[in-house]
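Everything below concerns the one structure shown next.
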4 protein chains.
Amino acid sequence: MVVNKKRTVHASVKDERLVKMRRNQMIRGAVALFKQKGFHRTTTREIAQAAGFSIGTLYEYIRTKEDVLYLVCDSIYDQVRERLQGMDVDKGTLESLKLGIAHYFKIMDEMQDEVLVMYQEAKSLSKDALPYVLKKELEMVGMFETIIRRCIDNGELVMDDEHIDLLSHNIFVQGQMWGFRRWALAKNYTIDDYIKVQTDLLFTGIEQYQTQL
Amino acid sequence: MVVNKKRTVHASVKDERLVKMRRNQMIRGAVALFKQKGFHRTTTREIAQAAGFSIGTLYEYIRTKEDVLYLVCDSIYDQVRERLQGMDVDKGTLESLKLGIAHYFKIMDEMQDEVLVMYQEAKSLSKDALPYVLKKELEMVGMFETIIRRCIDNGELVMDDEHIDLLSHNIFVQGQMWGFRRWALAKNYTIDDYIKVQTDLLFTGIEQYQTQL
Amino acid sequence: MVVNKKRTVHASVKDERLVKMRRNQMIRGAVALFKQKGFHRTTTREIAQAAGFSIGTLYEYIRTKEDVLYLVCDSIYDQVRERLQGMDVDKGTLESLKLGIAHYFKIMDEMQDEVLVMYQEAKSLSKDALPYVLKKELEMVGMFETIIRRCIDNGELVMDDEHIDLLSHNIFVQGQMWGFRRWALAKNYTIDDYIKVQTDLLFTGIEQYQTQL
Amino acid sequence: MVVNKKRTVHASVKDERLVKMRRNQMIRGAVALFKQKGFHRTTTREIAQAAGFSIGTLYEYIRTKEDVLYLVCDSIYDQVRERLQGMDVDKGTLESLKLGIAHYFKIMDEMQDEVLVMYQEAKSLSKDALPYVLKKELEMVGMFETIIRRCIDNGELVMDDEHIDLLSHNIFVQGQMWGFRRWALAKNYTIDDYIKVQTDLLFTGIEQYQTQL
DNA sequence: GATGAATGAGAATTCATTCAT
DNA sequence: TATGAATGAATTCTCATTCAT
């Protein structure tokens with residue numbers, strides 16, 4: 001899998017360890033604020049404060065406010081991907097696909113704040129930064145595609161490219177959907193319900209609910 | 001069906017016909033701008049200019065910038081819902097459900113600008129206005145639910161409430177998805193491809209693609 | 001004489017009369033401030049305040065702080081040039097050249113604040129604006145050149161181009177010198193002394209002070 | 001001749017040799033930067049970097065940014081004065097005056113960067129430091145005065161104090177003028193042309209170009 | 001002596017909103 | 001009703017200076 005070359009954000013501070021640490025503080029603070037008020041309504045001073053340092057220090061580690069957003073999105077994707085590694089991609093059984101979906105949905109549930117932020121604010125990234133983030137998304141979609149293709153290789157499924165591709169997207173979006181439509185879903189489902197029902201629909205298809213009149 | 005009581009936006013001008021006309025100009029201009037630069041990066045002056053009148057006049061028809069966003073979202077939902085009326089909700093066959101989905105996806109395709117705007121900017125609505133918009137969304141989800149329930153009433157399907165509800169949400173989200181993931185989907189699908197493949201997956205379910213080893 | 005095409009500074013306000021008036025207020029205030037603290041140490045808020053309006057209003061009439069500097073320089077040159085029109089350029093006698101010099105030096109004396117500002121701050125203009133100002137300077141140098149050439153046409157002088165050119169520059173610089181070396185000159189000379197002695201040196205030349213040993 | 005008592009700039013570092021060395025590095029870097037962007041647009045970090053050490057170290061050798069400007073101006077004057085020492089001040093002939101002027105103009109040509117910086121930025125010195133620099137300027141003007149007076153003592157010239165004083169200033173300013181009006185002069189003159197024509201005008205005077213009609 | 005991370009006052013600029021005409 | 005000039009709070013970003021290591 002081709003790995004996305006990192007888009008670097010300029011820091012005035014040289015100590016790499018320090019940069020990493022400060023940026024983590026920054027990201028943690030920013031996620032909380034972005035979730036609460038959105039990127040545009042959050043000020044750089046608030047970000048600095050939430051991160052626990054001064055506005056001047058903030059700007060030692062980034063160049064523009066948008067850099068914060070990029071770092072946040074980048075970090076979230078990395079976290080999601082990292083956690084997704086636990087998934088067994090190679091088994092090649094429908095069961096393992098189900099498990100993968102469940103695993104992914106759980107992650108989306110646990111990282112709901114982050115996912116929501118990234119989901120809603122990524123569009124504010126500049127034309128410059130957006131592609132990096134979108135590429136990461138495609139990589140994640142690709143993980144589901146890989147699982148599905150393993151099933152096909154294994155003789156468990158027969159499916160053409162278009163269906164594979166869209167199915168992967170659907171799974172990916174349904175994971176995010178648990179975050180961005182929580183306002184509507186959380187009334188009726190726990191995450192486990194959601195996983196169960198969503199998996200049912202995904203695997204069984206409407207026609208299976210057909211009655212023979 | 002409980003109809004959403006309209007949340008009114010205050011206008012200084014009395015002539016209702018005039019208010020409606022001016023607001024339509026405003027909405028048209030705003031949609032174009034919001035799509036291009038987002039709500040936050042669009043200024044009230046730009047909205048006024050795009051609408052064809054002065055900033056002073058703009059404020060004769062709204063109270064705050066957020067009112068414009070509300071009017072935009074409100075109007076988009078109304079348009080979508082209006083166009084959705086053509087759907088035959090009562091037939092109660094799987095075929096009519098398929099047609100309904102296709103119809104809805106087509107609308108989403110034709111109104112992609114508006115849908116994208118509403119989809120990305122609605123979150124900027126105040127806690128005050130958001131519920132009105134969300135309620136409209138639920139109404140639209142409800143339309144699919146209705147169609148599905150007709151099928152059940154008709155003996156074409158057997159499905160419990162949870163599955164019905166989530167299926168409706170899925171259909172709704174997949175319609176929006178054609179708008180907000182266009183960057184990834186448009187490379188591989190026309191809207192007709194999208195409708196076909198999406199319908200396949202929705203109706204058939206993964207297990208139908210299973211081979212008997 | 002080729003006239004410099006005006007470099008325009010953008011104003012949001014449309015009423016041209018108002019723009020002219022507000023800019024004059026602005027220029028008056030800015031000259032005083034620039035003289036006292038220089039361009040860089042003067043803030044836009046101070047300029048607005050000195051002009052008698054708010055910072056927001058200031059920015060209705062300019063786009064950047066540098067625009068103020070340009071307007072100031074531009075205006076000063078225009079004033080100098082306008083006042084210089086009174087000079088009789090066409091007479092073509094050495095006497096009229098003397099009168100022209102005296103006239104110019106007097107103007108430099110009366111406009112000492114403005115001249116100093118323009119003289120010291122013009123270099124802060126962007127690469128974009130500087131040429132316009134420099135061109136105006138050359139126009140003024142050209143006025144002296146014209147006077148001198150009239151004398152030559154008139155048969156009062158014989159002088160080649162290089163000498164004419166540099167003589168014009170010298171006169172021009174000596175006028176400014178009364179402004180920018182006031183700290184050294186004002187101790188020993190009134191403006192009338194300055195005119196007299198400077199004219200002596202210019203017309204007579206060192207060698208005329210030679211004694212025949 | 002009364003010598004200017006040095007205004008000292010505080011250094012935390014004790015080793016005088018080191019202080020001198022570091023400050024020379026600093027001045028060299030600063031002159032280049034000031035020429036390019038002016039004093040105000042140059043940051044202390046840039047100065048430190050250009051000097052080859054850290055911002056912290058910079059502040060071991062100065063107290064404020066303005067100290068750098070003072071050191072720069074001071075150093076430039078010292079250099080000019082030192083190079084001017086080669087001039088034969090005592091000969092007391094018009095020829096030696098001419099040579100002195102040519103020598104001075106050549107120095108101004110060779111040190112054009114430095115002269116321009118000092119010329120344009122000296123005004124940014126505080127009320128505190130400015131007098132020291134101005135005094136140095138007067139000393140240099142005084143060198144020309146001395147030469148002229150020698151000529152008078154020698155019986156080569158007859159001239160009163162006012163004329164002597166202003167003539168010295170004129171010579172001094174014309175030297176600087178080669179630097180600050182280079183944009184206009186360099187098109188038509190080499191430094192040698194400039195020396196020749198300027199000397200002609202200075203010695204001969206306009207009236208000598210008079211024709212007998 | 002040297003370093004460079006931290007600081008926060010200060011600066012330019014924007015823009016939603018008002019209100020007199 | 002329509003206009004658009006005026007306002008100033010709010011925002012991003014910079015940079016001289018300090019001080020712990």
Side-chain angles (χ1 to χ4, degrees), chain A residues 11-15 18-19 22 40-48 52-68, chain B residues 11-15 18-19 22 40-49 52-68, chain C residues 11-15 18-19 21-22 40-49 52-68, chain D residues 11-15 18-19 22 40-49 52-68:
Chain A
S12 302
V13 169
K14 292 170 182 171
D15 182 340
L18 193 56
V19 170
R22 291 275 181 263
H40 282 103
R41 293 200 217 275
T42 301
T43 69
T44 51
R45 302 192 106 86
E46 287 170 324
I47 296 170
F53 36 70
S54 70
I55 182 66
T57 300
L58 181 75
Y59 277 90
E60 291 284 305
Y61 295 91
I62 51 157
R63 267 226 239 276
T64 67
K65 186 185 175 190
E66 207 223 280
D67 282 346
V68 180
Chain B
S12 304
V13 170
K14 299 292 157 60
D15 182 343
L18 192 55
V19 170
R22 290 275 184 258
H40 282 103
R41 292 197 219 277
T42 301
T43 69
T44 51
R45 300 180 107 90
E46 288 171 322
I47 297 169
Q49 189 175 29
F53 38 72
S54 73
I55 182 67
T57 301
L58 183 75
Y59 275 86
E60 293 291 313
Y61 295 92
I62 52 158
R63 266 231 237 275
T64 69
K65 185 185 175 189
E66 208 221 281
D67 283 347
V68 180
Chain C
S12 302
V13 170
K14 291 170 182 171
D15 182 340
L18 193 55
V19 170
M21 190 182 102
R22 290 277 181 260
H40 283 103
R41 292 199 218 276
T42 300
T43 69
T44 51
R45 302 191 107 84
E46 288 170 324
I47 296 169
Q49 189 172 30
F53 37 70
S54 72
I55 184 66
T57 300
L58 182 75
Y59 276 89
E60 291 285 305
Y61 295 92
I62 52 159
R63 266 228 239 275
T64 68
K65 186 184 174 190
E66 208 221 281
D67 283 346
V68 180
Chain D
S12 304
V13 171
K14 297 293 157 58
D15 182 341
L18 192 54
V19 170
R22 290 275 184 260
H40 282 102
R41 293 198 218 276
T42 300
T43 69
T44 51
R45 298 179 111 90
E46 287 171 323
I47 296 169
Q49 189 176 29
F53 38 73
S54 72
I55 183 68
T57 302
L58 182 75
Y59 275 87
E60 294 289 313
Y61 296 92
I62 53 158
R63 266 230 236 275
T64 69
K65 185 185 175 190
E66 208 221 282
D67 283 347
V68 180

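So you know, we letter chains A, B, ... as the sequences are listed, proteins then strands, and number each from 1. Just so it is clear, the values below take in all heavy atoms, side chains as well, and ignore hydrogens, waters and symmetry mates.
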Say you draw a straight line from [atom1] of [X] to [atom2] of [Y]; how long is it, rounded to the nearest 0.5 Å?
{"X": "A/R45", "Y": "A/I47", "atom1": "CZ", "atom2": "CD1", "result": "12.0 Å"}
{"X": "C/Q49", "Y": "C/S54", "atom1": "CD", "atom2": "OG", "result": "11.0 Å"}
{"X": "A/T44", "Y": "A/D67", "atom1": "OG1", "atom2": "CG", "result": "12.0 Å"}

Phosphate OP1/OP2 of F/dT11 contacted by A/T43 side-chain N/O (<4.0 Å):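 Result: no.
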Check whether any side-chain nitrogen or oxygen of A/S54 sits under 4.0 Å from OP1 or OP2 of E/dA6, and answer yes or no.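 No.
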Nucleotide [N], atom [atom2] - distance to [atom1] of [X] in whole Å:
{"X": "A/L58", "N": "E/dA6", "atom1": "CG", "atom2": "P", "result": "11 Å"}
{"X": "A/Y61", "N": "E/dT7", "atom1": "OH", "atom2": "P", "result": "9 Å"}
{"X": "C/K14", "N": "F/dA5", "atom1": "NZ", "atom2": "P", "result": "7 Å"}
{"X": "C/Q49", "N": "F/dG8", "atom1": "CD", "atom2": "P", "result": "11 Å"}

Strand partner of F/dA6, provided both Watson-Crick or wobble distances fall under 3.5 Å: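 Its partner is E/dT17.
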Assign B/R41 to base, sugar-phosphate, or nothing according to its heavy-atom contacts below 4.0 angstrom with the strands shown.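 The answer is nothing, as B/R41 stays clear of every strand by at least 4.0 Å.
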Just call it for C/S12: base, sugar-phosphate, or nothing, with non-hydrogen atoms closer than 4.0 Å on any strand.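 Contact class for C/S12: sugar-phosphate only.
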Any residue meeting side chain to side chain donor-acceptor pair (under 3.5 Å) with A/R63, in chain and number order, not counting sequence neighbours: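 Applying side chain to side chain donor-acceptor pair (under 3.5 Å) to A/R63 gives A/H10.
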Pairs under 3.5 Å (N/O, protein and nucleotides 17-21 of chain E):
| unit_1 | atom_1 | unit_2 | atom_2 | d |
| --- | --- | --- | --- | --- |
| E/dT17 | OP2 | B/Y59 | OH | 2.7 |
| E/dT17 | OP2 | B/K65 | N | 2.8 |

To check you understand the geometry: which heavy-atom pair defines the closest contact between A/Y59 and A/K65, and what is its length?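 Scanning both residues completely, I find the closest heavy atoms to be OH-N, 4.3 Å.
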Nucleotide nearest B/T57 when distance is taken to its side chain, options F/dT7, F/dA2, F/dA5: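 For B/T57, the side-chain atoms sit closest to F/dA2.
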From the options F/dT1, E/dA2, F/dT3, select the nucleotide whose nearest atom is closest to the side chain of D/L18.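 Nearest to the side-chain atoms of D/L18, counting from C-beta on, is E/dA2.
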Close side-chain approach of A/Y61 and A/L18, heavy atoms under 4.5 Å: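 Result yes, sub-4.5 Å side-chain heavy-atom pair found.
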